[in-house]
Amino acid sequence: MPGTGSRSSYQQFNDENYEDDKDNGPLSQDSFEDVDEETVPEESNENDVRGNSPPRRFSKTCVKNVFTVLLIFIYVVLTAVAIFLAYQTISDFLDKLSQPVMSVSYKEVDSFSPPGIALFPDDAQLLSCKHHYHDNIPPLVDPGTPQERDCETTEVTYFGPFTEHKQKRALVVRGPSDVKNKELIFMQFSQNETREDFSAISYMLFAKFSDLIESANKSEFMSDCERNYSMWTFSGGFRTWVKMSLVKTSGRRSEAVEFRQESGVVKFNDKRPESQQTVQLFFVVFEWGDPYIQEIRLIVTANPWSSIGILCVVFMALFKAANFAKLTIKWIIKMRKRHLKHKAKELNPIS
């Protein structure tokens with residue numbers, strides 16, 4: 001019977017325990033208390049550790065993951081900023097290199113180097129050329145008749161740079177120089193009746209009259225001047241007052257000199273007899289407008305050394321960011337290994 005078997009085995013178990021107790025002696029109350037003190041705290045402590053350790057590990061892992069993501073985000077931001085700064089620095093340097101800035105300054109002088117005034121009268125004839133001061137031009141005496149001259153002049157014939165097969169004749173006059181005393185030159189031309197609808201005399205200004213005098217080939221010199229300087233005109237039947245200003249431009253490789261002018265026109269009241277009015281008269285005055293030389297310099301604001309310095313800083317930032325990323329990756333691998341190690345310990349049975 002199953003009941004009999006269980007009773008017999010239970011009885012046998014009790015007998016064996018009883019025999020052991022007889023051999024070892026009876027267990028006292030103190031022994032039970034000792035057992036309770038040794039076993040119960042250990043079990044309770046183990047249960048406390050098991051109950052408290054998972055939340056702590058979970059919180060540490062969460063903080064570490066958040067910190068890892070934050071470090072990676074900082075690395076990405078630093079790298080993007082460094083790349084943007086490098087691109088912006090190179091772009092600004094190229095833009096400044098291709099677009100120089102003009103620096104304008106004014107230099108005041110008491111006198112200028114006498115410029116060259118090249119006139120192209122064609123059929124017109126020079127009647128007078130006089131130096132005056134303080135804008136004091138005396139009234140005309142016998143206009144249309146030759147008068148005294150006190151100007152230094154020279155004639156040059158040459159082939160123009162734009163009309164190679166047409167010979168040109170230039171009457172070059174030494175211009176005024178004393179700007180403090182308002183030196184001016186007054187010239188008078190006459191021309192017989194012409195079939196053209198409009199009559200005018202062209203002229204050109206170049207930097208120094210002495211350059212022409214000292215030139216070995218005056219024809220070639222005048223051809224170069226016509227190629228580099230502008231042409232103006234003044235009309236018959238008027239007095240044209242030309243006020244000159246000098247502009248010097250310093251480029252990257254060479255320097256250029258040009259003239260700017262302001263002109264005013266006054267109608268000539270012809271009081272000659274009608275028989276003489278068939279001869280057309282031209283009047284022109286040349287004077288310096290102000291005692292200032294305008295100097296224009298083309299300045300390249302792109303400094304290669306500053307750009308190189310900025311790029312060095314950018315590349316150092318990239319290097320630091322790369323180093324930072326390397327340390328971050330090592331730290332992530334280390335944390336991963338440590339996490340796997342703790343997880344393996346938790347899965348092993350408690351010995």
When every non-hydrogen atom of E258 is compared with those of Y229, the smallest separation belongs to CA-CE2, 4.4 Å
Shortest non-hydrogen pair, T240 vs S263, comes out as CG2-CB, 4.3 Å
Does some side-chain heavy atom of Y203 sit less than 4.5 Å from a side-chain heavy atom of V284?
no
With under 30° as parallel and over 60° as perpendicular, where do the rings of F206 and F221 fit, or are they tilted in between?
perpendicular
same_hphob_cluster(V179, I117) at 4.5 Å side-chain heavy-atom cutoff
yes
Is there a path of hydrophobic side-chain contacts, each under 4.5 Å between heavy atoms of I, L, V, M, F, W or Y residues, that connects F186 with I201?
no
Out of curiosity, does V156 fall in the hydrophobic cluster containing M231 (side-chain heavy atoms, cut-off under 4.5 Å, transitive links)?
yes
Side chain to side chain contact (heavy atoms under 4.5 Å, CB included), paired with F282, selected from Q188, Q191, Q125:
Q191
Short side-chain to backbone donor-acceptor contact, D142 and T145, under 3.5 Å
no
For the student: nearest non-hydrogen atoms of L205 and F259, plus distance
CB-CD1, 3.7 Å
Should we count OH of Y292 as having more than 12 external heavy atoms under 6.0 Å?
no
Say whether, by atom type as modelled, one donor and one acceptor occur between the side chain of R174 and the main chain of T154 under 3.5 angstrom.
no
Rounded to the nearest 0.5 Å, what separates atom CZ in R239 from atom CD1 in I137?
5.5 Å
Could you check whether any side-chain heavy atom of D290 comes within less than 4.5 Å of a side-chain heavy atom of Y106, counting everything from C-beta outward?
no
Heavy-atom closest pair, residues V173 and C151:
CG1-CB, 4.1 Å
Inter-residue atom distance S177.OG - K208.NZ, 0.5 Å rounding
12.5 Å
With clusters defined by side-chain heavy atoms of hydrophobic residues (ILVMFWY) lying less than 4.5 Å apart, directly or transitively, does F84 cluster with I90?
no
Go through the steps to decide whether E295 and V104 satisfy the test side chain to side chain contact (heavy atoms under 4.5 Å, CB included), and finish with yes or no.
CA-CA 6 Å; E295 295 182 350; V104 181; over 6 Å; no
Applying side chain to side chain contact (heavy atoms under 4.5 Å, CB included) to M204 and F120, what does each step give before you reach the verdict?
CA-CA 9 Å; M204 175 181 63; F120 302 90; 4.3 Å; yes
For I185 and C129, work out which heavy atoms get closest and say how close.
CG2-SG, 3.8 Å
Can you list everything that forms a salt bridge (charged side-chain N to carboxylate O under 4.0 Å, His left out) with E155? Sequence neighbours excluded, please.
R169
Do the side chains of L140 and P143 get nearer than 4.5 Å, heavy atoms only?
yes
For K218, does the NZ atom have more than 12 heavy-atom neighbours from other residues, nucleotides or ligands under 6.0 Å away?
yes
Hey, could you give me the OG/CZ distance between S245 and R260, rounded to the nearest 0.5 Å?
7.0 Å
Pairwise distance OH(Y133) to NZ(K180) - rounded to 0.5 angstrom:
13.5 Å
Would you mind reporting whether V172 and T153 have side-chain heavy atoms less than 4.5 Å apart?
no
My understanding is that only residues two or more places apart in sequence, or in another chain, count here; which of them pass salt bridge (charged side-chain N to carboxylate O under 4.0 Å, His left out) with D224?
R227
For a side chain to side chain contact (heavy atoms under 4.5 Å, CB included) check, start with the C-alpha distance between L127 and Q147, then their side-chain angles and the critical distance, and finish with the verdict.
CA-CA 6 Å; L127 298 179; Q147 299 177 10; over 6 Å; no
Any sub-3.5 Å donor-acceptor pair from W241's side-chain atoms to F286's backbone N or O?
no
Would you compute the distance between atom CD of E152 and atom NE2 of H131 and round it to the nearest 0.5 angstrom?
8.5 Å
Could you walk me through whether L126 and R149 pass side chain to side chain contact (heavy atoms under 4.5 Å, CB included), step by step?
CA-CA 10 Å; L126 178 64; R149 304 180 190 178; 3.9 Å; yes
Same cluster for L184 and V242 if Ile/Leu/Val/Met/Phe/Trp/Tyr side chains link at under 4.5 Å?
no
Can you tell me if Q294 uses its side chain to pair, donor with acceptor, with the backbone of V247 under 3.5 Å?
no
Can you name the nearest heavy-atom pair linking Y158 to A170, along with the distance?
CE2-CB, 4.1 Å
Not counting sequence neighbours, which residues clear salt bridge (charged side-chain N to carboxylate O under 4.0 Å, His left out) with K168? List them please.
E226
Would you say E287 and P176 make side-chain contact, with heavy atoms under 4.5 Å?
no
Does the D270 side chain pair with the main chain of R272, one donor and one acceptor, at a distance under 3.5 Å?
yes
Taking S190 for its side chain and L281 for its backbone only, find out whether a donor-acceptor pair lies under 3.5 Å.
no
Within 6.0 Å of NZ in K130, more than 12 heavy atoms from elsewhere
yes
Between F268 and F283, is a ring pair (Phe, Tyr, Trp, His ring centres under 6.0 Å) present by the stated rule, with each step listed?
CA-CA 9 Å; F268 169 59; F283 305 94; 4.8 Å; yes
To the nearest 0.5 Å, what is the distance between CZ on F189 and CG on L119?
4.5 Å
For S223 and S219, indicate whether the former's side chain and the latter's backbone hold a donor-acceptor pair under 3.5 Å.
no
